Amino acid sequence: MDYEPGSFHVVRHVRPKLACRGCQDIKQAAAPGRPIDRVMAGAGMLSHVLVSKYCDHTPLYRQAQIYARAGLDLHRSTLTDWVAQAAHLLKPLAEAIGRYVLSAGKVHGDDTPIRALGGKGGKVHTGRLWVYVRDDRPSGDEAPAAVWFQYSPDRKGEHPAKHLRKFSGVLQADAFAGYNALYADDREGGRIIEAGCWSHARRKLWDIHVRQHKLPGTLAHQGLQRIGELYKIEAEIQGRAPDARRRVRRLKTAPLLKELREWMDATLAQVSAKSPMALAIGYSLSNWTALTRFVDDGRIEAHNNAAERALRGVALGRKNYLHLGSDIGGDSAAVIYTLIGSAKLNGIDPQRYLAHVLERIAEHPINRIDDLMPWVVAPQLRAAWQSTPLAEAA
């Protein structure tokens with residue numbers, strides 16, 4: 001049986017038998033191909049399970065309950081096995097997307113915690129999902145956007161070093177100390193230039209502003225207003241070419257940053273060295289070079305929102321399924337999040353895309369894996385999705 005994308009309709013494949021009256025020979029139609037050997041689930045069913053968990057945030061045990069109401073007896077362990085095997089099948093495509101992402105001159109990077117079973121003594125431990133995003137559309141680049149996820153059992157700096165070992169260019173990220181080794185001038189894989197994120201700097205002031213009941217006129221409120229002026233300029237130059245963005249930033253943004261720096265220096269002298277306000281300002285001042293690098297490079301954004309948006313689905317999902325079954329499950333999640341996130345960035349219904357790929361990938365030549373990239377198949381999959389409310393909700 002199989003589920004068609006976007007529905008719960010059960011399709012039963014009929015294999016007619018034909019008998020010859022002369023020779024008494026009996027022939028039966030061949031069984032339809034399946035993405036996974038010895039698994040009855042077809043591409044539509046598998047894609048529905050994957051999207052339900054990693055896009056719609058429905059844990060597998062809840063999916064089992066939903067299928068039971070439709071008359072399907074599917075144990076959670078069966079669904080878990082399907083997810084693992086589908087992720088294994090899709091891994092070469094996710095790796096190809098990763099190579100594409102890291103071939104860019106700039107990537108956005110971030111990470112988020114996610115709990116996983118299988119720690120010391122069988123306890124739950126905190127792993128990390130790392131995300132790398134290629135999206136230069138804000139600077140007028142027409143190259144397709146894509147996102148690449150990787151999983152690790154901890155947050156050691158060796159993991160981004162491994163992920164980015166062949167990358168050179170601009171890394172837009174927060175000030176996580178684990179990235180520091182990447183910025184060494186003599187790095188073996190080539191130089192990586194650090195670009196900071198004003199959203200991280202702003203958030204520290206915002207937290208203070210919230211604790212102060214959002215009172216106007218406070219130091220935190222003044223800082224937020226000044227940073228807000230930077231964002232207004234960014235909104236004006238969204239989608240323009242790098243050279244045009246650089247000219248506007250040098251003309252309008254640079255003076256605002258000079259005033260902001262002077263305000264921060266003066267404010268820091270007024271507050272206690274260990275106060276939240278001093279710590280918030282200290283973050284910006286200690287990362288000033290990275291935070292202001294966007295002024296002279298039109299490719300760079302003022303913030304790292306592209307990576308943060310890519311992690312929203314993970315944040316929603318972990319509230320529902322609470323933890324991964326194992327570190328291997330983390331690797332599977334990274335594969336599926338890569339494909340779903342890249343499909344969304346290219347305006348494709350994730351379930352339609354996964355079904356399309358799963359129908360073909362088992363017999364697809366590995367040297368032509370790029371033929372299955374989201375932006376390659378987008379023209380034939382995108383139109384039907386964009387005419388539905390689903391596109392607006394994704």
Side-chain angles (χ1 to χ4, degrees), residues 106-112 138 155 157 160 164 169-185 187 191-235 237 245-246 248-308 311:
K106 173 181 69 71
V107 298
H108 296 262
D110 205 350
D111 69 285
T112 193
R155 203 193 184 198
L164 301 175
V170 176
L171 174 62
Q172 188 123 31
D174 61 18
F176 171 49
Y179 292 133
N180 290 347
L182 296 172
Y183 306 131
D185 292 336
R187 178 176 170 271
R191 191 182 178 201
I192 293 181
I193 300 170
E194 179 185 12
C197 173
W198 274 106
S199 289
H200 278 79
R202 180 187 181 280
R203 192 171 298 123
K204 297 179 183 301
L205 292 172
W206 174 257
D207 290 341
I208 298 173
H209 188 47
V210 171
R211 289 198 295 270
Q212 295 175 340
H213 307 290
K214 300 182 182 179
L215 293 174
T218 63
L219 290 175
H221 185 234
Q222 293 176 37
L224 290 171
Q225 288 181 312
R226 291 176 179 274
I227 295 174
E229 294 301 315
L230 304 178
Y231 278 75
K232 289 180 182 178
I233 297 173
E234 290 303 300
I237 60 177
R245 282 155 56 103
R246 183 173 61 248
V248 173
R249 286 169 173 173
R250 286 177 173 175
L251 179 65
K252 296 183 177 182
T253 304
L256 293 179
L257 285 169
K258 182 175 182 295
E259 293 176 5
L260 177 59
R261 176 64 186 259
E262 292 172 351
W263 177 85
M264 286 185 170
D265 288 334
T267 301
L268 198 59
Q270 301 174 25
V271 299
S272 170
K274 294 184 179 180
S275 67
M277 192 66 193
L279 296 176
I281 291 176
Y283 175 89
S284 295
L285 294 180
S286 61
N287 295 287
W288 193 257
T289 299
L291 284 170
T292 58
R293 185 158 274 135
F294 74 102
V295 174
D296 295 316
D297 191 333
R299 299 172 302 162
I300 300 176
E301 300 303 308
H303 49 71
N304 194 33
N305 290 356
E308 295 194 5
L311 289 173

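The first residue of the sequence shown is numbered 1, and numbering continues consecutively from there. Predicted, not measured: the structure shown is a model, and the values here were computed from it.
The minimum heavy-atom distance between Val295 and Ala254, with the atom names listed, is CG1-CB, 4.3 Å. Minimum interatomic distance between Ala302 and Glu234 (heavy atoms only, all atoms of both residues): CB-CG, 3.8 Å. Looking at every heavy atom in both residues, Gly178 comes nearest to Pro160 through O-CG, 4.2 Å. In terms of heavy atoms, Lys204 sits closest to Ala280 at CB-CB, 3.8 Å. Closest approach of Ala278 and Ser272 over heavy atoms only: CB-O, 3.1 Å. Residues Asn304 and Ala173 come closest through the heavy atom pair ND2-CA, 3.8 Å.
Put simply, SG on Cys197 and CD on Glu308 are 5.5 Å apart, with the number rounded to the nearest 0.5 Å. We find the CD-CZ distance between Gln172 and Arg293 to be 10.5 Å, quoted to the nearest 0.5 Å. Atom NE2 of His108 and atom CD1 of Ile300 lie 9.5 Å apart (nearest 0.5 Å). Here Lys258 contributes atom NZ and Leu256 contributes atom CG; the two are 11.5 Å apart, rounded to the nearest 0.5 Å. With rounding to the nearest 0.5 Å, the separation of NZ in Lys252 from CD1 in Ile233 is 6.5 Å. One finds the CD atom of Gln225 at 10.0 Å from the CH2 atom of Trp263 (value rounded to the nearest 0.5 Å).
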- Task: Start with the C-alpha gap between Asp174 and Tyr179, add the side-chain angles, then the distance that decides, and say whether side-chain contact (heavy atoms from CB on, under 4.5 Å) holds.
- Result: CA-CA 9 Å; Asp174 61 18; Tyr179 292 133; 3.6 Å; yes
- Message: Quick one, Leu164 with Arg187, criterion side-chain contact (heavy atoms from CB on, under 4.5 Å). Give me CA distance, side-chain angles, the key distance, then yes/no.
- Response: CA-CA 11 Å; Leu164 301 175; Arg187 178 176 170 271; 4.3 Å; yes
- Task: Applying side-chain contact (heavy atoms from CB on, under 4.5 Å), run through Val170 and Phe294 and close with a yes or a no.
- Result: CA-CA 10 Å; Val170 176; Phe294 74 102; over 6 Å; no
- Run the side-chain contact (heavy atoms from CB on, under 4.5 Å) check on Trp288 and Arg261 step by step: do they pass? CA-CA 9 Å; Trp288 193 257; Arg261 176 64 186 259; 3.3 Å; yes
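For Lys232 and Glu229, the salt-bridge test passes: some basic side-chain N is under 4.0 Å from an acidic carboxylate O. Using a cutoff of 4.0 Å between basic side-chain nitrogens and carboxylate oxygens, Arg245 and Glu301 are scored as salt-bridged.
Checking each of Leu279, Leu219, Ile281 against Val271 for a side chain to side chain contact (heavy atoms under 4.5 Å, CB included) leaves exactly one that passes, namely Leu219. Only one option out of Arg249, Arg246, Arg250 pairs with Asp296 in a side chain to side chain donor-acceptor pair (under 3.5 Å); it is Arg250.
For the pair Asp207/Arg211, a side-chain contact is recorded, criterion being any heavy-atom separation below 4.5 Å from C-beta on. Residues Thr218 and His221 form a side-chain contact, since some pair of their non-hydrogen atoms from C-beta on lies under 4.5 Å apart. At least one side-chain heavy atom of Arg202 sits less than 4.5 Å from a side-chain heavy atom of Leu224. Side-chain contact between Ile193 and Tyr183 is absent, with no heavy-atom pair separated by less than 4.5 Å. Contact annotation: the side chain of Ile227 never approaches that of Trp206 to less than 4.5 Å [non-hydrogen atoms, C-beta and beyond].
Residues Tyr231 and His303 bring their aromatic ring centres within 6.0 Å.
His209 contributes no side-chain N or O that, together with a main-chain N or O of Leu205, makes up a donor-acceptor pair within less than 3.5 Å. The backbone N or O of Leu291 sits less than 3.5 Å from a side-chain atom of Trp198, completing a donor-acceptor pair.
Cation-pi contact between Arg155 and Phe176: present, with separation from the ring centre below 6.0 Å and deviation from the ring axis of at most 45°.
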